[in-house]
Amino acid sequence: MTQLPAVPPSLTLLNREQAILEFNRRVLAQAQRDDVPLLERLRYICIVSSNLDEFFEVRFADMLDAARDPGSGITARDVERVGAAAHELIDQQYSIFNEQVMPALKARHILILNHADRNEVQRAWVARFFEREVRPLLVPVGLDPAHPFPQVANKSLHFIARISGKDALGRDTRIAIVKVPRVLPRVIKLPAAIGDGRQAYVLLTSVIRAHLEELFPGRQVEAFSQFRVTRDSDLEVDEEEVANLRHALRSGLTTRHFGRAVRLEVVNTCPEELSGFLLEQFQLPAAALYRVNGPVNLVRLNELIDMTEADELRFQPYEPAWPQRRLPRGKSMFEQLKKHDVLLHHPFESFEPVVQLLREAVADPDVLAIKQTVYRTGSKSELMDLLIEAARRGKEVMVVVELKARFDEEANINWAERLEAVGAQVVYGIVGLKTHAKLLLVTRREGNKLRRYVHLSTGNYNPKTARFYTDLGYLSADPDLTADADTVFRQLASLSKFKAPKRLLLAPFNLHSRMLEFLGRVTEAARAGYKSRVVLKINALTDAELIQGLIVAAQAGARVDLIVRGACMLPPGLPGVSDNILVRSVVGRFLEHSRISYFRWGDAEDQEVLYLSSADWMSRNMLRRIEVAWPVLDAKLRQRVIDEALQPYLHDSLDAWQLSPDGRSHRVSSQGLSAQQALMARFGGESAA
């Protein structure tokens, strides 16, 4: 492999956590765009809240742990800077919610009514709702030595109240906690008859707040606040020390909700006395307190978006196209794949051909075996139901289930148990390595020989998310590619010594080194004056060695274009260091999720490669996960990937952001080309035809 020279020691990589927050700032900016439908603007605000929950549960929690280790390189000052950036982002989020989105919804006669905004008829309706639906589920807990501060689960919503007077036993118990039931909807729509011609909603917290004092007869509520605590939720299981990983994880799921507290949210009117008391109970510093000007947990406002009757305020429905010319409906998938490979570009093209391939495999008596990896497939999945049916029909079914797919552990454990119950062979991959690769392999008897068919993907086997994640799928009957896929499944099951596949690259074995090798070839070509180019489309760029390889290639004269949706630690545009590197991010209607690596080190046909992959350019993906990358060898399909999944994004001027050397990003333009819109128009026209 080509030896890469060192990057100047003065180069400081961007902070990963701040880069994640910067990505969320780009998402939040969607809520300010006049060309985005109004309810979708609210949805982007909800998405940011969901993203930040996971950020605190995992990334920030890990950062706090690292700051305790002197050898980690993470300092208390780093934590302070990230915390300050999170405060700034959340303040901006609520400002946009209160000052832009909600007034715009009100102008369209869609509004959330606070207690003070409700008329007498509406208050009477809310009172009846409270008595009938809410009060029977509320259990106020007064704090005393016999009733200490209750267990508060991760992200569960509560009220804290300071009440006057004495309790039933004459004691001066001043603090009470009331849990907001999770089983109740957080957003309640008022009947049209009392909405005054508007679509009017009340929040569950507003209903409880209006009747909070009724929970403490004979006493007065002097002060109160909603509060919500976010806890460290990363499941830690020593796989080498447990006899049964599935059982250990199921046990861990019950304790995940009560991990170490990392963030406390209260409303901005919460008295210092109450917020200080809560910080003390959760053993949190003052910097962990987030005062919000509005509902705590904006994620639940997705309910309002779903209930509102205003299609004109949502994105126009988009139906993914079936690739009719390449896979004519009604014809055997197997017969079509014998003729040519098929590239699928989701969500512009339908995920349905993948499901159809599995349907045919289950129904076909000549299909002998089906093997598939499962990372995130959801709690309801036709694909998993089909695998179960295949096993019931006596086919050999092997499923590699990743039990440690974060926040999907329970669903995956349940699928594993259902599969085992019908005789499928379920394996959990290799100890210490998450199986993130996406493969489906079908073995079929054809005459006197066996033939295999493979599906490889940059995304998950989840038809629901395939409608709003951009991903690339590849269907093939190529003997080398299918043999490689079979090798991967065999190694995952047998844990045998790694045998390098012919075409597939496999992490953690050779994917990282081959990417560095390709960067080395580009670097040598650039120094020799040959045409040299690197284009990446990935979700994250945080691996230091790969960043070094990119910078060295650019310094040698190669043109380097990076389309990085999320966290990027490479600082582009530094004079004399990375000024030949452009980093952009595209944030639009769909979540960019495909991973593409393109390298050119000359003009000859064999001096160009393009790989699709399940892996991002992160150390964990390259060195601590099972990931695959595969080359697109067919020249027409390779050009199609370039024309559809790279070039439009390099020229996007409407949804694109450009990264600055300091890690901040700015929107390229407020007009011009949108890659996603252009692709929808292109495939929509193809589908209509």
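We number each residue from 1, following the sequence as shown. Bear in mind that the values here come from a model prediction, so they are computed numbers and not experimental data. Hydrogens, waters and symmetry mates are skipped; everything else that's a heavy atom, side chains included, is used.
- Of the possible polar contacts, none joining the Asn460 side chain to the Asn462 backbone as a donor-acceptor pair under 3.5 Å is found.
- There is a side-chain donor-acceptor pair under 3.5 Å between Gln676 and Glu592.
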Please evaluate residues Arg624 and Ser619 with respect to the criterion side chain to side chain donor-acceptor pair (under 3.5 Å), reporting the C-alpha separation (whole Å), side-chain torsions for both, the decisive distance (0.1 Å), and the verdict. CA-CA 7 Å; Arg624 298 191 299 279; Ser619 297; 5.5 Å; no
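- For the residue pair Phe468 and Pro347, the shortest heavy atom distance occurs at N-CB, 4.1 Å.
- A donor-acceptor pair under 3.5 Å is formed between the side chain of Thr377 and the backbone N or O of Tyr461.
- Judged by distance alone, the side chains of Ser594 and Lys537 do bring a donor and an acceptor atom under 3.5 Å apart.
- To the nearest 0.5 Å, atoms CD1 (Ile20) and CE (Met569) are separated by 10.0 Å.
- Leu472 and Ile596 get closest at one heavy-atom pair: CD1-CD1, 3.7 Å.
- Side-chain contact between Leu574 and Asp579 is absent, with no heavy atoms from C-beta onward closer than 4.5 Å.
- Looking at Val564 and Leu536, their side chains never come closer than 4.5 Å, going by heavy atoms from C-beta outward.
- Looking at Arg600 and Glu608, a side-chain N of the basic residue comes within less than 4.0 Å of a carboxylate O on the acidic one, giving a salt bridge.
- Side-chain N/O atoms of Asp78 and Thr75 include a donor and acceptor closer than 3.5 Å.
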Would Ile626 and Thr373 count as a side-chain contact (heavy atoms from CB on, under 4.5 Å) if you check the C-alpha gap in whole Å, the side-chain angles of each, and the deciding distance to 0.1 Å? CA-CA 11 Å; Ile626 302 297; Thr373 60; over 6 Å; no
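- A 4.5 Å side-chain heavy-atom check between Tyr474 and Thr458 finds every atom pair outside the cut-off.
- Taking the charged nitrogens against the carboxylate oxygens, Arg620 and Asp543 have no contact shorter than 4.0 Å, which rules out a salt bridge.
- By the 4.0 Å N-to-carboxylate-O rule, Asp53 lies too far from Arg231 to be salt-bridged with it.
- Side chains of Asp471 and His593: a donor-acceptor N/O pair is present below 3.5 angstrom, by distance only.
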Given Trp617 and Leu550, is the side-chain contact (heavy atoms from CB on, under 4.5 Å) satisfied, shown in steps? CA-CA 11 Å; Trp617 282 34; Leu550 288 165; 4.1 Å; yes
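- Checked by atom type and distance alone, the side chain of Glu517 never pairs as donor or acceptor with a backbone atom of Ser513 at under 3.5 Å.
- Here Arg521 does not pair with Glu524 in a salt bridge; the nearest charged N to carboxylate O distance is not below 4.0 Å.
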If you apply the rule side-chain contact (heavy atoms from CB on, under 4.5 Å), what do you find for Val535 with Tyr649, and how did you get there? CA-CA 11 Å; Val535 183; Tyr649 291 92; over 6 Å; no
Checking side-chain contact (heavy atoms from CB on, under 4.5 Å) for the pair Gln555/Asn580: CA distance, chi angles, key distance, verdict? CA-CA 7 Å; Gln555 289 176 341; Asn580 206 23; over 6 Å; no
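- With hydrogens and angles disregarded, a donor-acceptor distance shorter than 3.5 Å links the side chain of Asn98 to the backbone of Asn293.
- The backbone N or O of His436 lies less than 3.5 Å from a partner atom in the side chain of Lys438, making a donor-acceptor pair.
- Taking the side chain as every heavy atom from C-beta outward, Phe60 and Glu17 never approach each other to under 4.5 Å.
- Under the 4.0 Å criterion applied to side-chain N and carboxylate O atoms, Asp655 and Arg33 are assigned as salt-bridge partners.
- Going from atom CG of Asp34 over to atom OG of Ser670 covers 10.0 Å, rounded to the nearest 0.5 Å.
- Judged purely by distance below 3.5 Å, without hydrogens or angles, the side chains of Asn154 and Ser233 pair a donor atom with an acceptor atom.
- Side-chain atoms of Thr230 and Glu57 form no donor-acceptor pair, as typed in the model, at a separation below 3.5 Å.
- Side chain of Ser660 to main chain of Gly663: no donor-acceptor pair is present (N/O by atom type, distance under 3.5 Å, no hydrogens or angles).
- Contact of the Lys636 side chain with the Gln639 side chain is not registered, since no non-hydrogen atoms from C-beta on lie closer than 4.5 Å.
- Trp657 does not carry Arg667 over the face of its six-membered ring by the limits of under 6.0 Å from the centre and within 45° of the normal.
- At a cut-off of 3.5 Å, with distance as the only test, a side-chain donor of Arg291 or Ser275 sits close to an acceptor on the other residue.
- Smallest separation of non-hydrogen atoms from Arg467 and Pro320: NH2-CD, 3.7 Å.
- Under 4.0 Å is where a charged nitrogen must lie from a carboxylate oxygen, and between Glu402 and Arg376 no such pair does.
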Please evaluate residues Asp65 and Arg260 with respect to the criterion salt bridge (Lys or Arg N to Asp or Glu O under 4.0 Å), reporting the C-alpha separation (whole Å), side-chain torsions for both, the decisive distance (0.1 Å), and the verdict. CA-CA 11 Å; Asp65 289 336; Arg260 176 171 55 98; 2.7 Å; yes
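- Taking the six-membered ring for Trp and the full ring otherwise, the centers of Phe56 and Tyr290 sit less than 6.0 Å from each other.
- Between Arg584 and Asp561, none of the side-chain N atoms (NZ, or NE/NH1/NH2) sits under 4.0 Å from a carboxylate O, so this pair counts as no salt bridge.
- Between the Glu22 side chain and the Gln18 main chain, no donor and acceptor come within less than 3.5 Å of each other.
- Checked by atom type, the side-chain pair Asp616/Asn621 shows no donor-acceptor distance below 3.5 Å.
- For the pair Asn297 and Tyr94, the tightest heavy-atom approach, listed with the atom from each and the gap, is N-OH, 4.0 Å.
- Taking each heavy atom of Pro508 and Leu623 in turn, the nearest pair found is CB-O, 3.3 Å.
- The number of heavy atoms from other shown groups lying within 6.0 Å of OH (Tyr530) does not exceed 12.
- Within the model, atoms CG of Leu298 and CG of Leu52 stand 10.0 Å from one another, a figure rounded to the nearest 0.5 Å.
- Taking the six-membered ring where the residue is Trp, Phe351 and His455 present perpendicular rings, their angle passing 60° and hence far from 30°.
- Of the possible polar contacts, none joining the Ser669 side chain to the Leu654 backbone as a donor-acceptor pair under 3.5 Å is found.
- Atom-to-atom distance recorded for Leu546:CG and Met618:CE is 11.5 Å, nearest 0.5 angstrom.
- Note: Tyr611 and Phe599 fail the aromatic proximity criterion, with ring centroids not under 6.0 Å apart.
- If you take CD1 on Ile547 and CG on Leu13, they are separated by 5.0 Å, rounding to the nearest 0.5 Å.
- Asp643 and Gln647 form no side-chain donor-acceptor contact under 3.5 Å, judged by distance and modelled atom types alone.
- Asp35 CG to Glu40 CD: the interatomic distance, rounded to the nearest 0.5 Å, is 12.0 Å.
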Would you sort out whether Phe348 and Phe590 count as a ring-ring contact (aromatic ring centres under 6.0 Å, His included), showing the intermediate values? CA-CA 10 Å; Phe348 314 106; Phe590 303 122; 5.7 Å; yes
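- Although no hydrogens or angles enter the test, the distance criterion places a donor-acceptor pair under 3.5 Å between the side chain of Gln93 and the main chain of Ile45.
- In summary, Arg682 and Glu644 engage in a salt bridge, as defined by a charged side-chain N under 4.0 Å from a carboxylate O.
- For the residue pair Arg595 and Ser614, no side-chain donor N or O sits within less than 3.5 Å of a side-chain acceptor on the partner.
- The main-chain N or O of Met622 is never found under 3.5 Å from a side-chain atom of Glu627 such that the two would form a donor-acceptor pair.
- The minimum heavy-atom distance between Ser72 and Ala67, with the atom names listed, is OG-N, 4.3 Å.
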